Amino acid sequence: MTPLEIKPYLSEEDLQKKVSEIGAALTKKFKGQKVVAVCVLKGSFMFYSDLIRKLETEVTCEFFGVSSYQGTSSSGEVKVTLDLTRPVQDQHVLLVEDIVDTGITMNYLKNSILARKPASLTTVALLEKPEALKVPCKLDYVGFKIANEFVVGYGLDYEGYYRNLPFIGQVQNFQ
Ligand code: 5GP
């Protein structure tokens, strides 16, 4: 694979500041409540692990694996690669996603969790591309609204790579 040219877009500092803000808002919202924090794999693992460390309440961790992307575009079909390991009925669920693009994945995840009858469902996405939405997708918390361009880093990949970048960058040289 030819190495990509990556233009820095959101710095580590920008990301950590936003994580702290969302963490503070969620701490206030969930005061005194137990929360099941659901990490959507693989892309949100880094955002998720930073965010739950800012949650000052009792948290249990669950992981939901889905894939819908091939290369740099969404296939529109959501495939579950790993399901939750415990029922979430009557519990407060926080669903943590990396990025909402067409909205198809987030809608699928929301419906899948709501079908399990949680006490409440709160959604958070680090990034949202409002121009790319194909289905209506209401989110409770959004870190940054970005242009309809492909980004990598801080958990987000291209062909499996670049997830370990500590910042988010825009890809310049797609073939
Ligand atoms: P959606 O179903 O909203 O179209 O896509 C959501 C999923 O597509 C995200 O969880 C993420 O894995 C992937 N995705 C969407 N946009 C981007 C992007 O700009 N960069 C990367 N690396 N993945 C993206």
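Just so it is clear, the structure is predicted and the values come from calculations on it, not from any experiment. Scope of the values below: all heavy atoms of this structure, side chains included, with no hydrogens, waters or symmetry mates. Start at 1 and go down the list; that is how both ligands and their atoms are numbered. Each residue takes its place number in the sequence, starting with 1.
Counting only heavy atoms from C-beta outward, the side chains of K54 and V19 approach each other to under 4.5 Å.
Taking every heavy atom of D157 and a limit of under 4.0 angstrom, the matching atoms of ligand 1 come to 21 (C), 22 (N). Close approach to T102 involves these atoms of ligand 1, each under 4.0 Å from a residue heavy atom: 1 (P), 2 (O), 3 (O), 4 (O). Applying the 4.0 Å criterion to heavy atoms of E97 picks out, from ligand 1, the atoms 10 (O). Listed by atom number, the atoms of ligand 1 under 4.0 Å from D98 heavy atoms are 9 (C), 10 (O), 11 (C), 12 (O). Close approach to E149 involves these atoms of ligand 1, each under 4.0 Å from a residue heavy atom: 19 (O). Every atom of ligand 1 with a heavy atom of V151 under 4.0 Å away is listed here by number and element: 18 (C), 19 (O), 20 (N), 21 (C), 22 (N). Contact atoms of ligand 1 toward L156: 21 (C), 22 (N), 23 (N) (distance under 4.0 Å to a heavy atom of the residue).
Salt bridge D83/R116: present, at least one basic N to carboxylate O contact under 4.0 Å.
Checked against a 3.5 angstrom limit, the closest N/O atoms of F150 and ligand 1 fall outside it.
Atom NZ of K110 is surrounded by more than 12 heavy atoms from other residues, nucleotides or ligands within 6.0 Å.
Across the listed options V100, T105, V66, T105 owns the non-hydrogen atom lying nearest to atom 5 (O) of ligand 1. Nearest to atom 19 (O) of ligand 1 by heavy-atom distance, out of K42, M106, Q170, K129, is K129.
When every heavy atom of F64 is checked against every heavy atom of S112, the shortest pair comes out as CZ-OG, 3.5 Å. Of all non-hydrogen atoms in I99 and K129, the two that sit nearest each other are CD1-CE, 3.6 Å. Of all heavy-atom pairs spanning V100 and C137, the tightest one is CG1-SG, 4.1 Å. A pairwise comparison of heavy atoms in Y48 and C61 identifies OH-CB, 3.1 Å as the closest pair.
For G43, the closest heavy-atom approach to ligand 1 does not fall below 4.0 Å.
The aromatic ring centres of F63 and F45 sit 6.0 Å or more apart.
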